Amino acid sequence: EPFSALDYYLKENIQLELLNILKEYQGDILMVTHSRDEIYRFCRNIHVLEQGNMVVSGMTKDVFADPQAVAAAKLTGCKNIVPALRLSDHEVDVPEWNTKLIFEKAVPEEFDHIGIRAHYFRRSTAADVKNVIPCRVKQMLEDPFEVTAVLDNDIWWKIPKREWKEQYCRHLPEEIVIPEESILFLKK
């Protein structure tokens, strides 16, 4: 883990230098890391291991877009991963969120969990009739550039600070929407 124990500024400068050096190197490199940002920045391919077994292997950007396995989704930063049950070609039950999700496209047959990244929720509007869930805040976390609302159903919703200030005025909506295109279908 070449960049552990470095402050953010130094880490990014050293990463930039290493990326420039690696442009010239023709061989393979094995990088061990738990940092999603380092994986995305440095690795063309990724191999996700869980308890000594490879669960996902592929092009890094493809694995980030569709992790396929719970372990890969966690490694790529997905905060909201819960068991789910396929009810039909277009409906999924999510008991932990006390909701049924409805899809325009047919859902896959083989999955036992779903995931949604914390940045992908959006405010509900009057036109929204599906995949709407209550937004009751359990805890708020403030970072330098975003605010995280941890909802009472353990959903993490990350909101950029500018959007937080402009749209929510420190008051969250009563409901949020899970956009269909943002849902990841995963296997344990």
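Please read these numbers as outputs of a predicted model, since none were measured by experiment. Just so it is clear, the values below take in all heavy atoms, side chains as well, and ignore hydrogens, waters and symmetry mates.
Under the 4.5 Å side-chain heavy-atom criterion for Ile, Leu, Val, Met, Phe, Trp and Tyr, Ile39 and Ile81 are members of distinct hydrophobic clusters. The hydrophobic clustering, which links ILVMFWY residues whose side-chain heavy atoms are closer than 4.5 Å, places Leu184 and Phe111 apart.
Between the side chain of Asn80 and the main chain of Ile116, a donor-acceptor pair closer than 3.5 Å is present. Counting only distance, with no hydrogens or angles, the side chain of Asp128 and the backbone of Thr125 share a donor-acceptor pair below 3.5 Å.
Residue-environment remark: CD (Glu174) stays at or below the threshold of 12 foreign heavy atoms within 6.0 Å. Few gaps surround CG on Asn20; more than 12 heavy atoms of other groups in view lie less than 6.0 Å from it. More than 12 heavy atoms of other shown residues, nucleotides or ligands fall within 6.0 angstrom of atom CG in Asp143. No more than 12 heavy atoms of other residues, nucleotides or ligands shown are found within 6.0 angstrom of NZ on Lys74. Enclosure of atom CZ in Phe42 by more than 12 non-hydrogen atoms of other residues, nucleotides or ligands within 6.0 angstrom is indicated.
At a threshold of 4.5 Å between non-hydrogen side-chain atoms, the residues Val150 and Leu141 count as touching. For the pair Val82/Ile114, a side-chain contact is recorded, criterion being any heavy-atom separation below 4.5 Å from C-beta on. The shortest side-chain heavy-atom distance between Val147 and Met140 falls under the 4.5 Å cut-off. Looking at heavy atoms from C-beta onward, Tyr120 lies out of side-chain contact with Ile178 at the 4.5 angstrom threshold. A heavy-atom distance below 4.5 Å is not found between the side chains of His90 and Glu104. Residues Trp164 and Leu172 meet the side-chain proximity criterion, which asks for heavy atoms closer than 4.5 Å. Within the 4.5 Å cutoff, side-chain heavy atoms of Val94 are placed close to those of Leu101. Between Leu151 and Trp156 the shortest side-chain heavy-atom distance does not fall below 4.5 Å.
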With side chain to side chain contact (heavy atoms under 4.5 Å, CB included) as the test, would you mind laying out the steps for Ile14 and Leu6 before giving the verdict?
CA-CA 10 Å; Ile14 291 174; Leu6 298 175; 3.9 Å; yes
Checking side chain to side chain contact (heavy atoms under 4.5 Å, CB included) for the pair Arg117/Cys78: CA distance, chi angles, key distance, verdict?
CA-CA 5 Å; Arg117 299 190 187 281; Cys78 187; 3.8 Å; yes
Given the rule in the side chain to side chain contact (heavy atoms under 4.5 Å, CB included) test, do Glu146 and Glu163 qualify, once you have shown the distances and angles that lead to the verdict?
CA-CA 9 Å; Glu146 65 189 6; Glu163 183 179 330; over 6 Å; no
Test side chain to side chain contact (heavy atoms under 4.5 Å, CB included) on Ile155 and Lys79; report intermediate values, then the result.
CA-CA 8 Å; Ile155 289 176; Lys79 296 274 189 230; over 6 Å; no
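Between the CD atom in Glu180 and the NZ atom in Lys130 there is a gap of 4.5 Å [rounded to 0.5 Å]. If you take CG on Leu16 and CD1 on Ile21, they are separated by 10.0 Å, rounding to the nearest 0.5 Å. Interatomic distance, CG of Asn131 versus OG1 of Thr99, reported as 7.0 Å (0.5 Å rounding). To the nearest 0.5 Å, atoms CD (Glu96) and CG (Asn153) are separated by 9.5 Å. Atom NZ of Lys158 and atom OG1 of Thr148 lie 3.0 Å apart (nearest 0.5 Å). In this structure, OG on Ser124 lies 10.5 Å from CD1 on Ile133, to the nearest 0.5 angstrom.
Taking 4.0 Å as the cut-off between side-chain N and carboxylate O, Glu91 and Lys100 do not count as a salt-bridged pair. Ion pairing of Lys105 with Glu181 is absent here, as no side-chain N (NZ or NE/NH1/NH2) approaches a carboxylate O to less than 4.0 Å. Checked for salt-bridge contact, Arg86 and Asp93 miss the test: no charged N lies under 4.0 Å from a carboxylate O. Look at Glu142 and Lys161 and you find a salt bridge, because one of the NZ, NE, NH1 or NH2 atoms lies within 4.0 Å of a carboxylate O, short of that distance.
No side-chain donor-acceptor contact under 3.5 Å links Arg41 and Ser35.
When all heavy atoms of Val107 and Ser88 are compared, the closest pair comes out as CG2-O, 3.5 Å. Closest of all the heavy-atom pairs between Asp112 and Lys187 is OD1-CA, 3.3 Å. Shortest non-hydrogen contact noted between Leu186 and Gly115 is CD1-N, 3.9 Å. Heavy-atom minimum distance, Pro67 versus Ala72: O-CB, 3.5 Å. Of all non-hydrogen atoms in Pro95 and Pro83, the two that sit nearest each other are CD-O, 3.9 Å.
Taking the six-membered ring for Trp and thresholds of 30 and 60 degrees, Trp97 and Phe121 have ring planes more than 60 degrees apart, a perpendicular arrangement.
A ring-centre distance under 6.0 Å is not found for Tyr8 and Phe3.
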For residues 45-64, dump all side-chain donor-acceptor pairs below 3.5 Å to protein atoms at least two apart in sequence or in another chain.
| unit_1 | atom_1 | unit_2 | atom_2 | d |
| --- | --- | --- | --- | --- |
| His47 | ND1 | Ser57 | OG | 2.6 |
| Thr60 | OG1 | Cys43 | O | 2.7 |
| Thr60 | OG1 | Arg44 | O | 3.3 |
| Thr60 | OG1 | Asn45 | N | 3.4 |

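Between Pro173 and the options Arg122, Arg123, Gln167, a side chain to side chain contact (heavy atoms under 4.5 Å, CB included) holds for only Arg123.
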